Amino acid sequence: MKFGDIVMCVASIAVINALIGFPLELMFVLAGLGFEKGVDIGVFVAMFLSTLIGGYIFAGKIWEARREAITKITVLWAALVSLILTIIPAGLAHWGLVSEESFREIFPGTSWTTLSNAERMSFEMMDNAGFLFFVVAIALVLSFIGLYVGSMLRRPAKS
């Protein structure tokens, strides 16, 4: 599988994920799971389904060098997810407030206001790193499984 094919597969997965992500998140939120759980489940289901569809679409190319192709696509997809997750806190006004809530849960009785700005920023960076670690780890697992299963659904014809 050529690098251009890998990039095209990851781009396709990203587009599919963008198209199915919001409807799935909305469906899980409206199904009564609430914003936090519903959105999280929707994100992970969309991640799995988009890689499953990507594996199905690119099955012919993936079967040329199966394990290597799936690994390369998975790593590039996880890198893209990592890049997006690194940018998210900068665009969300409430990220700092969520970090403050996390701090209070981890360190009960410790006041957020007694921390210096550098300490707050360090905690927020650590909080973001934990978020990044968790989501990228799940992305690696779900995308590997999704690509594998998707490519299995469309096996090449034996000649």
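Positions are given from 1, in the same order as the sequence printed here. Predicted, not measured: the structure shown is a model, and the values here were computed from it.
Nearest approach of V43 to E25, heavy atoms of both residues: CG2-OE2, 3.3 Å. The nearest pair of heavy atoms linking G54 to C9 is O-SG, 4.2 Å. For the residue pair T114 and E119, the shortest heavy atom distance occurs at O-OE1, 4.4 Å. Smallest separation of non-hydrogen atoms from A69 and M1: CB-SD, 3.6 Å. What you find for W63 and M152 is that their closest heavy atoms are CZ2-SD, 4.0 Å. I20 and A46 make their closest contact through CD1-O, 3.8 Å (heavy atoms, listed as atom of the first residue, atom of the second, distance).
Note that CG of L76 is 11.5 Å distant from OG of S82, once rounded to the nearest 0.5 Å. Expressed to the nearest 0.5 Å, how far CD1 of I16 lies from CG of L49 amounts to 10.0 Å. Distance check, rounded to the nearest 0.5 Å: CZ of R120 to OG of S99 gives 12.0 Å. Taking CD from E36 and CG from D40, the interatomic distance works out to 6.5 Å, rounded to the nearest 0.5 Å. From I53, atom CD1 reaches atom CG of L19 across 9.5 Å, with rounding to the nearest 0.5 Å. Atom CD1 of I88 sits about 5.0 Å away from atom CG of L85, to the nearest 0.5 Å.
Criterion: ILVMFWY side-chain heavy atoms under 4.5 Å apart, direct or through other members. Under it, V15 and F58 are not part of a common hydrophobic cluster. Both I84 and I6 are members of a single hydrophobic cluster when ILVMFWY side chains are connected at heavy-atom separations under 4.5 Å. Cluster membership for F134 and I87, using ILVMFWY side-chain heavy atoms within less than 4.5 angstrom, is not shared. No chain of hydrophobic side-chain contacts below 4.5 Å, direct or via other Ile, Leu, Val, Met, Phe, Trp or Tyr residues, connects V75 to V141. Cluster membership check: I138 shares its hydrophobic cluster with V149, using side-chain heavy-atom separations under 4.5 Å among Ile, Leu, Val, Met, Phe, Trp and Tyr.
Proximity of E101 to H94: side-chain heavy atoms (C-beta onward) are nowhere separated by under 4.5 Å. Residues V7 and V10 are not in side-chain contact: their nearest non-hydrogen atoms beyond the backbone lie 4.5 Å or more apart. Within the 4.5 Å cutoff, no side-chain heavy atoms of F123 are placed close to those of E100. In this structure the side chain of W112 reaches within 4.5 angstrom of the side chain of L115, judged on heavy atoms. Side-chain atoms of V39 and L33, non-hydrogen and from C-beta on, never get closer than 4.5 Å to each other. Side-chain contact between I73 and I62 is present, with at least one heavy-atom pair separated by less than 4.5 Å. Within the 4.5 Å cutoff, side-chain heavy atoms of T71 are placed close to those of F144. Contact check for K72 versus F3: no side-chain heavy atoms found under the 4.5 Å cut-off.
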ring-ring contact (aromatic ring centres under 6.0 Å, His included) evaluation trace for F131 with W95: CA-CA 12 Å; F131 173 68; W95 186 268; 5.3 Å; yes
Derivation of the side-chain contact (heavy atoms from CB on, under 4.5 Å) call for T74 and I70: CA-CA 6 Å; T74 297; I70 290 174; 3.9 Å; yes
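Using a 30° and 60° split on the angle between ring planes, F107 and F103 fall in the tilted class, from 30° to 60°.
A 6.0 Å sphere centred on CE of M125 holds no more than 12 heavy atoms belonging to other residues, nucleotides or ligands. No more than 12 heavy atoms of other residues, nucleotides or ligands shown are found within 6.0 angstrom of CD on E68. More than 12 heavy-atom neighbours from other residues, nucleotides or ligands sit within 6.0 angstrom of CZ on F44.
Of the possible polar contacts, one joining the S151 side chain to the L147 backbone as a donor-acceptor pair under 3.5 Å is found. One N or O on the side chain of R154 and one on the backbone of Y56 form a donor-acceptor pair closer than 3.5 Å. Here the side chain of E105 pairs no donor or acceptor atom with the backbone of S102 at under 3.5 angstrom.
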